[in-house]
Student: 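First the structure, which I've put down as C-alpha cells, then a few questions once you've had a look.
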Amino acid sequence: MISGKCFNVALVVMLITVFFSCRQREEPQTFVPPGQDSTVNKEKERLAKEEFEMLKNQQGDSAHLNDSLHSATDTTKVDSLKSSAKTSEKKQFVKKEKELNKRLDNPKTAISDYIEFLQRGTTEGGNFEQNMKKASDQWQTSNLNRFKTNYKNTKKIVVLEEPKVISQKDGAATVQVRLKKSDLVNGKTVDMDMVVKYNLIVDSKGKWKIQNNVVVKK
C-alpha cells in the first residue's frame with residue numbers, strides 16, 4: 001500500500017514539474033492582443049492618405065498659382081500691347097501736329113488754304129455751306145452769315161499772283177495776293193481784278209488767323 005501511494009505522489013510531482021517547465025518556456029514570448037497589427041496598419045494608411053491629400057492640395061495651389069501667373073502674364077502682355085499701341089498712336093499724333101504746326105507757322109500757307117476754301121465753295125458742284133464755314137473759321141472773329149452773303153453770287157475765284165509774305169514779325173504778318181473774282185450781277189458776269197492784303201496774327205493755339213484785310217482794285 002505504501003509503495004502504491006509513493007508511486008502516485010511521484011506521478012503528481014512529475015506532472016507538476018512538467019507543467020511548470022512548459023510554462024517557464026512559454027513566458028518569454030510576447031503576447032500581442034488580437035487586432036493590434038490591424039490598428040497599426042490603419043494608422044499608417046490614415047497618415048499616408050493625409051500626406052497624399054496634403055501633396056494634392058499643394059499641387060492644386062501650385063497649378064492655381066501657375067494659372068494666375070500665366071493669366072497675369074497674358075494680361076501684362078495685353079496691357080503692354082495696348083500701351084505700345086497708344087504710344088505709337090501718340091507719336092503719330094505728335095508727328096502730324098508738328099507737320100501741321102510747320103504749315104501754320106507760315107502765314108502764306110494760311111492764306112493759300114483760306115482762298116482754296118473760297119474756291120471750293122464757289123465752284124459749281126462744291127459744298128458752299130461747308131467751305132464757307134471753313135473759310136470763316138480762318139478769321140480771328142468768325143462770321144458765317146457775312147461770308148454766305150458776300151459769296152452767294154460768286155461763280156469763280158482765280159489766283160493771278162500767288163500769296164507772298166510782305167512783312168512778318170513776332171506773332172503778326174501781312175500777306176498779299178492778287179485775285180480775279182467773278183460775280184453774277186443782274187444776270188451778268190462781272191469780273192473784278194484786285195490785290196488783297198491780309199493782316200494775320202497768331203492765336204493761343206499757334207494758328208494764324210486773319211485779323212482784317214485791305215482790297216485794292218486794279
Side-chain angles (χ1 to χ4, degrees), residues 78-79 81-218:
V78 172
D79 291 342
L81 289 175
K82 288 182 179 179
S83 179
S84 298
K86 287 182 179 179
T87 301
S88 177
E89 184 178 351
K90 185 175 180 180
K91 286 182 179 179
Q92 290 295 327
F93 176 79
V94 171
K95 182 179 179 181
K96 289 181 180 179
E97 188 177 32
K98 287 182 177 179
E99 291 176 355
L100 180 61
N101 287 336
K102 286 181 180 179
R103 283 172 53 82
L104 293 175
D105 284 342
N106 188 341
K108 182 176 70 173
T109 303
I111 294 302
S112 295
D113 291 345
Y114 168 70
I115 293 173
E116 186 176 346
F117 292 139
L118 294 178
Q119 289 175 321
R120 290 178 183 177
T122 55
T123 300
E124 186 177 353
N127 191 320
F128 180 76
E129 292 283 342
Q130 184 181 61
N131 285 286
M132 288 303 105
K133 174 68 169 57
K134 291 180 178 179
S136 178
D137 289 341
Q138 303 307 305
W139 284 69
Q140 183 182 23
T141 303
S142 179
N143 190 329
L144 179 58
N145 290 331
R146 183 191 67 186
F147 268 82
K148 291 166 67 175
T149 299
N150 290 343
Y151 291 96
K152 66 179 180 179
N153 295 319
T154 301
K155 299 303 177 183
K156 194 174 185 180
I157 297 176
V158 179
V159 177
L160 299 177
E161 293 180 8
E162 292 295 326
K164 61 182 179 180
V165 179
I166 58 177
S167 68
Q168 182 177 355
K169 185 177 181 181
D170 299 329
T174 299
V175 177
Q176 179 177 289
V177 60
R178 186 178 178 185
L179 304 171
K180 184 174 78 170
K181 183 170 176 277
S182 300
D183 295 332
L184 186 63
V185 181
N186 298 325
K188 295 181 179 180
T189 301
V190 178
D191 295 331
M192 182 185 300
D193 186 348
M194 55 188 176
V195 173
V196 185
K197 291 182 179 180
Y198 295 96
N199 297 311
L200 304 93
I201 59 173
V202 177
D203 68 6
S204 59
K205 296 181 180 179
K207 295 183 179 181
W208 286 101
K209 294 291 186 179
I210 302 171
Q211 192 174 31
N212 54 57
N213 66 346
V214 178
V215 179
V216 177
K217 296 180 181 179
K218 301 296 286 185

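Heavy-atom basis, side chains included; hydrogens, waters and symmetry copies ignored.
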Student: Do you know which two heavy atoms are closest between Trp139 and Lys209, and how far apart they sit?
Tutor: O-CD, 3.9 Å

Student: If the condition is side-chain contact (heavy atoms from CB on, under 4.5 Å), which residues does Val159 pass it with, not counting sequence neighbours?
Tutor: Ile115, Gln119, Glu162, Val177, Leu179

Student: Do Val175 and Ile210 have side-chain heavy atoms sitting under 4.5 Å apart?
Tutor: no

Student: Nearest 0.5 angstrom please: Ile157 CD1 to Tyr151 OH, how far?
Tutor: 5.5 Å

Student: Using every non-hydrogen atom in the two residues, find where Gly121 and Met132 come nearest and quote the distance to one decimal.
Tutor: CA-CE, 4.0 Å

Student: For the residue pair Asn212 / Asn199, report whether a side-chain donor-acceptor contact shorter than 3.5 Å exists.
Tutor: yes

Student: Are the side chains of Asp113 and Trp208 in touch, meaning some heavy atoms are under 4.5 Å apart?
Tutor: no

Student: So does Lys181 have more than 12 non-hydrogen atoms from other groups sitting under 6.0 Å from NZ?
Tutor: yes

Student: Rounded to the nearest 0.5 Å, what's the gap from OH on Tyr114 to CG on Asn213? Could you check?
Tutor: 6.5 Å

Student: Tell me which pairs pass side-chain hydrogen bond (donor to acceptor under 3.5 Å, both in side chains) where either residue lies in residues 122-131, with sequence neighbours left out.
Tutor: Glu129-Lys148

Student: Please report the closest heavy-atom contact between Leu144 and Ser136, naming both atoms and the distance.
Tutor: N-OG, 3.4 Å

Student: What's the spacing between Ile111 CD1 and Gln176 CD if we round to 0.5 Å?
Tutor: 11.5 Å

Student: Show the nearest heavy-atom pair for residues Lys108 and Pro163, with the distance to one decimal.
Tutor: CD-O, 2.8 Å

Student: Mind checking the CD-CD1 spacing from Gln211 to Ile201? Nearest 0.5 Å is all I need.
Tutor: 4.5 Å

Student: Output a table of donor-acceptor pairs, distance under 3.5 Å, between side-chain atoms of residues 185-196 and any protein atom two or more places apart or on a different chain; print 'none' if there are none.
Tutor:
{"from": "Asp191", "atom 1": "OD1", "to": "Ser182", "atom 2": "OG", "distance (Å)": "2.5"}
{"from": "Asp193", "atom 1": "OD1", "to": "Arg178", "atom 2": "NE", "distance (Å)": "3.1"}
{"from": "Asp193", "atom 1": "OD2", "to": "Arg178", "atom 2": "NH2", "distance (Å)": "2.6"}

